[in-house]
Amino acid sequence: MTVVRVKGEDMIAVKDASSELKAYFESLSRSKGRDITYTVRTYGCQLNESDSEKLEGMLISFGLKKCEDSIPDLVILNTCSVRENAEDRLFGNLGEFKAAMREDSDRLLIVCGCMMKVKENVDRIKKSFPYVDLVFDPQNLHRFPVLLLQKIKRHKQLTDISIDDYIADDTLLDIRRQRKFRALVPIMYGCNNFCTYCIVPYTRGRERSRDYELIMKDLKDLSDAGYKEIMLLGQNVNSYTAYDKPYFPQLLRDAAEKFDFKRIRFMSSHPKDISDEVIDIMASHDNIEKHLHLPLQSGSDRILKAMNRPYTKEKFLKTAMRFREMISDGSLSTDIIVGFPGETEEDFLETLDVVKKVGFDSAFTFQYSPRPGTVAAKMEGRLSPEVMRDRFSRLLEIQNDLAYRSNQAKVGKTEDVLIEGESSGDSNVLTGRTSSFHLINFTIPDELKIEGYSSNDYEGMMCRVRFTEARPYSVDGIMESFI
Ligand code: 5AD
Ligand code: SF4
């Protein structure tokens, strides 16, 4: 695969297609006598969410309105292929659109995302889901207007799977941000690590870093627009390169020092690459969140080697302990895969040992899922579903206890919380996050309530909250003041 930089002039075709689409949807709206609506469903990781924000931005620029209740005129399913169950979900969901697609021939059903880079999935759509209008993969995201216009003109299913890895200039795309206080900022795309279980290097292509100046321009625009939180995104942010050298520490420092964001977050870090410097920068900047996501995957050196994760249990523990030492009120989260091919009980116990020693504040735990085309999918030593389930539930039990304890340790303290909005299920309760990424549900005493505000109007404001009670996955509290 080659990496192609998409320049301003390359986007002319995209701009032309966008104008034509705008005219097309305007005339469709006139003939139907109503707004033309869309919905975007996103599966998977934050990079997919970021892609969806870009797609939504484009749809809005064509004059479409977000669908609130009825069946939309245009549906985008942005898929994930990291585990098999995410894939199953897509094929289940596609069936649900069959009748709606038959009912109105102007309706458009579009499938994109990582699954659409896997030939078997595209073939299955061609064969079993003829009512899908357009299929494209993440590398082709910036070409969406061109592809959509082609499809509308041609009237038959269009599948367009990229051969090159693109690096598109995001600043040319309108972005529809999901949250009014938080902006997702991709700094790099793709992955070169080829962990043997993982499909991402095949679906998202080789690593390519965005231009430093462009990222800085984005950050300036976001800061000027009043965003409180930014999330620097990449499959492996520590590999970010600028001016031909590793540049993530400098990027993080500049993001913290040159703008006035309240929270700077980043995801994900590879344990082989995260440097002491990054931890030092986190410790010395109050506006960098005190939370590090450091995927362990396994605690066994033997399994880590088979996973092609070039670090050891000891190195991981050293990094984690350094983080705990430098940022005593911080939190560590992780990803763990249970049941990698050939994993023995001893290997699994090594994983539990790391989990207990580090005391992760939270963890995403997964059962190994073979991904066609990856090295591990051909490995021997697959575990039986019973052993897999048994280990998974033992890990979960320990981790749930650790997460609860991490929440308990907050009780009695008062910290800054960035308000995310109304808590699900109770309109009198607000929800937000601490700098350590703990989820807080809290109430506002009557005397602090702002007249005329509903719960969601507080979204994006910062306040001090006193923590009163721990729950398994959150902490309860009472607001003390706005800041
Ligand atoms: N099976 C199970 N979990 C996986 N992950 C990635 N690939 C697989 C797989 N084949 C998990 C890893 C990764 C997270 C995003 O998904 O833990 O960090
Ligand atoms: Fe997948 Fe490994 Fe790359 Fe993460 S670092 S995206 S787990 S190959």
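Note that ligands are numbered from 1 as they come in the structure, with each ligand's atoms numbered from 1 the same way. One is the number of the first residue; the rest follow in order along the sequence.
Counting only heavy atoms from C-beta outward, the side chains of F316 and L304 never approach each other to under 4.5 Å.
Partners of E350 under the side-chain hydrogen bond (donor to acceptor under 3.5 Å, both in side chains) rule, at least two apart in sequence or in another chain, are K313. Under the ring-ring contact (aromatic ring centres under 6.0 Å, His included) criterion, F194 pairs with Y202, sequence neighbours left out.
Between M462 and D416, the shortest heavy-atom distance links the atoms CE-CB, 4.1 Å.
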Return all side-chain donor-acceptor pairs below 3.5 angstrom for residues 366-380, not counting sequence neighbours, or 'none' if the list is empty.
| from | atom 1 | to | atom 2 | distance (Å) |
| --- | --- | --- | --- | --- |
| S369 | OG | E84 | N | 2.9 |
| R371 | NH1 | S81 | O | 2.9 |
| R371 | NH1 | E87 | OE2 | 3.0 |
| T374 | OG1 | R371 | O | 2.6 |

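Remark: ligand 1 and S369 share an N or O pair separated by less than 3.5 Å (distance only, no angle test). The shortest N or O to N or O distance between R83 and ligand 1 is under 3.5 Å.
In terms of protein heavy-atom proximity, atom 6 (C) of ligand 1 is nearest to V82 CG2, 3.4 Å. For atom 7 (N) of ligand 1, the closest non-hydrogen atom of the protein is Y197 CD1, 3.4 Å. Among protein heavy atoms, atom 2 (C) of ligand 1 sits closest to Q367 O, 3.4 Å. Summary of contacts: the protein heavy atom closest to atom 18 (O) of ligand 1 is D335 OD2, 2.6 Å. Ranking protein heavy atoms by distance to atom 12 (C) of ligand 1, first place goes to Q297 OE1, 3.5 Å.
A salt bridge between R263 and E289 is absent, with no side-chain N of the basic residue lying under 4.0 Å from a carboxylate O of the acidic one. Ionic pairing of D218 and R210 is present here: one or more N-O contacts between side-chain nitrogen and carboxylate oxygen are shorter than 4.0 angstrom. Remark: K180 does not engage E420 in a salt bridge, criterion side-chain N to carboxylate O under 4.0 Å. Comment: R302 does not engage E346 in a salt bridge, judged by the lack of any side-chain N to carboxylate O separation of less than 4.0 angstrom. Salt-bridge check for E229 with K262: failed, with every basic side-chain N at 4.0 Å or more from each acidic carboxylate O. With salt bridges taken as basic N to acidic carboxylate O contacts below 4.0 Å, one links D276 and R322.
Near I337, meaning under 4.0 Å from any of its heavy atoms, are these atoms of ligand 1: 3 (N), 4 (C), 5 (N), 12 (C), 17 (O). Residue contact check: Y197 has heavy atoms under 4.0 Å from atoms 7 (S) of ligand 2.
In this structure, R309 is part of the shell of residues with a heavy atom less than 4.0 angstrom from ligand 2. Put simply, no part of E84 is less than 4.0 Å from ligand 1, judged by heavy atoms.
Around atom 3 (Fe) of ligand 2, protein N, O or S atoms at less than 2.8 Å comprise C191 SG.
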